[in-house]
2 protein chains.
Amino acid sequence: MATIKDVAKLAGVSKATVSRVINGNERVSQTARDKVHQAMEEMDYKPSALAQALATNKSRTIGMVVSDLSGPFFGPIMKSAERVIREAGYQLVVTNGQGQAELEREAIEFMLNRPVDAMILTVFGFPEEEIVKLHQGGTPVVLLNRHIEGFEDNCIYLDNKHGGYLATRRMLELGHQRVAFLAGHFTHNDSLERLAGYQKALAEFGIPFRQELVFDDDYNEDGGRRMCQKLINLEREFTAIFCGNDLIAIGARGVLEERDRLSQTCMVGFDDVLFARYLNPSLSSVFFPVEEMGERAGHMALAMAQSKASQIGHLLQPKLMERDSLFKLKD
Amino acid sequence: MATIKDVAKLAGVSKATVSRVINGNERVSQTARDKVHQAMEEMDYKPSALAQALATNKSRTIGMVVSDLSGPFFGPIMKSAERVIREAGYQLVVTNGQGQAELEREAIEFMLNRPVDAMILTVFGFPEEEIVKLHQGGTPVVLLNRHIEGFEDNCIYLDNKHGGYLATRRMLELGHQRVAFLAGHFTHNDSLERLAGYQKALAEFGIPFRQELVFDDDYNEDGGRRMCQKLINLEREFTAIFCGNDLIAIGARGVLEERDRLSQTCMVGFDDVLFARYLNPSLSSVFFPVEEMGERAGHMALAMAQSKASQIGHLLQPKLMERDSLFKLKD
DNA sequence: TTGTAAGCGTTATCAC
DNA sequence: GTGATAACGCTTACAA
């Protein structure tokens, strides 16, 4: 690998001049500039990002910690963030936190030592204070799907309450009076917010909130199965179900089908992951603008990495995607 | 941030000694070692991976280029590779190549300047010679899903022919005689190999190969739709369809359903992505051991990064997942 | 066993 | 405009 020294020698100038040419903006004579360019060309010289980083204390790298490197939810977030970041000449480094505090901490430390110029975090186990401390410690943080008081400027999150409201309202409009809510765990703030939206819609329609129609469990297929089984086994009356996410919906559908109630049960999921539309009957879902979240996260992180101010909105709006699983109450 | 110098001063030793302690294996007196450890603790010292990389010419970083950062296929590959790599104390850097030569080249250059100790590539546009040259240039390359002659030791790929064979054979066993093949583009080697398996099965059953039952198009839902429409519009007789991947299968199913032929058409997809089992009727598919591929890729890249020999298998075996969409020929 | 000093490939501060 | 030269934080001969 050719170094700046080699280029300098070949071009007959000093390293300093070559460096100036590389970094564009300096005052260098046209003749020197030409010689340098030619030499760089000739040697196929590429500056070492490593050495640049050491010298400037800027790595042009953005770190990202996600809860699941695979999976339909984080994929599009990563993808759109990566695009934005790469277009800016930065590089994205992603690691998996798996939603576990320990792994998340390890992932973050890893990136700190690297280092990165900013971090995009989707962490659940990692405590609030530490996130704030991290940011104050000099590594700017963008926090996704989590809302820390006094730290709002660094957070990007969905209007979960409105999402819950949209889904529930639509089912009520369609005549359903008994709408169950199979939430994810209420330790997740998202779940609580969606519950609030659910309640708001009920109130608007003058329907009393029934605690016995609300369940919480894991945010996955098994959780969905368990909640739906309880719902049925306890003989709770219902004609519609609002699910905390699409995986829960999948699990619940399995149970409904076994009990031969699938076609009579109105259902709305959450996130609108890719396969929702492929199911049969297709699943209605509250669309989560994942790509937009990724883009905003990328832009925000870049701005912070360059200590620029940015006017990026913190709140994303959900949208109800109506499909087969939404229909009028049958009697 | 505390540096090695600070630690040395606090511990009352030289930087060299601290460095020796950090890197374990050197001969350092116990007393010195203790003092250093205590000082590191006290200052919460973390060595700069950057400076280490510059000094040693090893970055403890593995780069990966995928064709799609989101999506059900690459997610699990990345996830398992990341786990393996992280457990070894290395870091994975992923970038998106989108299957486009230009982007792929850019992504690779990005990583070269970083630099990375090894690369895992899933690239389609990037030319063979350049891949080999890259490897010989000193950055070890692991190549996924592509098979370059004379470069086999660096490739990990699926036995596509066997996959095509398994799927087709099963449909023939179930009595189907007219099995269509909706492939991805035949510019992909994978497609050609699967075709070979398809033909092998036909031959075994003494059924003549009919070119008019084979179509090629994009490896996605739209491609599947188009191929299936052609198949039907051209009035080709068929009772079973083998699809080049699960997205093609999804597209084809859509068309079949519109024509009211879904329940009578036997179908097998390829890859066995997450949602195949969630479809209704559930989709049979040739399972692609993506996680194993990711793991092997990680191990192989690590071995290469450390110039160790590795005995990692290059060929992965597919498996047929039988679900609702596989059934006996109805008459 | 330990310290000194050179070097990794850049940038940045000075003089000239 | 340009060139020495000292950083940046670490590793690694080589000497002691």
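Predicted model only: the values in this text are computed from it and were never measured. Lettering follows sequence order; numbering is per chain, from 1.
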Applying a 4.0 Å non-hydrogen cut-off, can you work out what [X] is touching in the nucleic acid: base, sugar-phosphate, or nothing?
{"X": "V13(B)", "answer": "sugar-phosphate"}
{"X": "K5(A)", "answer": "nothing"}
{"X": "K58(A)", "answer": "nothing"}
{"X": "S19(B)", "answer": "base"}
{"X": "A53(B)", "answer": "nothing"}
{"X": "N23(B)", "answer": "sugar-phosphate"}

(request) Sort out for me which residue in V141(B), L143(B), N154(B) forms a side-chain contact (heavy atoms from CB on, under 4.5 Å) with I148(B). (result) L143(B)

For atom [atom1] of [X] and atom [atom2] of [N], their distance in whole Å:
{"X": "K46(A)", "N": "dG9(C)", "atom1": "NZ", "atom2": "C1'", "value": "16 Å"}
{"X": "I4(A)", "N": "dG7(C)", "atom1": "CD1", "atom2": "P", "value": "18 Å"}
{"X": "N57(B)", "N": "dA6(C)", "atom1": "CG", "atom2": "P", "value": "21 Å"}
{"X": "K35(A)", "N": "dG1(D)", "atom1": "NZ", "atom2": "C1'", "value": "12 Å"}
{"X": "L50(B)", "N": "dT11(D)", "atom1": "CG", "atom2": "C1'", "value": "14 Å"}
{"X": "R114(A)", "N": "dG9(D)", "atom1": "CZ", "atom2": "P", "value": "17 Å"}
{"X": "D6(B)", "N": "dC10(D)", "atom1": "CG", "atom2": "P", "value": "9 Å"}
{"X": "I22(B)", "N": "dG9(D)", "atom1": "CD1", "atom2": "P", "value": "13 Å"}

(request) Answer yes or no: side-chain N or O of K15(A) and base N or O of dT10(C) forming a donor-acceptor pair under 3.5 Å. (result) yes

(request) Determine the minimum heavy-atom distance between A303(B) and A309(B), stating which atoms define it. (result) CB-O, 4.5 Å

(message) Minimum heavy-atom separation for V65(B) and A107(B), please, with both atom names.
(response) CG2-CB, 4.1 Å

(request) Report the residue (A51(B) or R20(B)) whose heavy-atom-nearest nucleotide on DNA chain D is the more 5′ of the two. (result) A51(B)

(message) At less than 4.0 Å, is any side-chain N or O atom of S14(A) found next to OP1 or OP2 of dT2(D)? Yes or no.
(response)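 No.
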
(request) Respond yes when some side-chain nitrogen or oxygen of S29(A) is under 4.0 Å from OP1 or OP2 of dT2(D), and no when none is. (result)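 Checking dT2(D) against S29(A), a side-chain N or O does come within under 4.0 Å of OP1 or OP2.
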
(message) I want to confirm an ordering. Mapping V28(B) and L54(B) to their closest nucleotides on DNA chain C, which one lands closer to the 5' end?
(response) V28(B)

(request) Would you mind telling me which residue lines up with the more 5' stretch of DNA chain C, R27(B) or T56(B), judged by nearest nucleotide? (result)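 It is R27(B), whose closest nucleotide lies nearer the 5' terminus.
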
(message) Less than 4.0 angstrom from a charged side-chain N to a carboxylate O is my criterion; do R105(B) and E109(B) meet it?
(response) no

(message) Between K79(A) and E291(A), does any NZ, NE, NH1 or NH2 come within less than 4.0 Å of an OD or OE carboxylate oxygen?
(response) no

(request) Go through dG9(C), dT2(C), dG9(D) for me and flag the one nearest to the A55(A) side chain. (result)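 My answer, after comparing the listed nucleotides, is dG9(C).
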
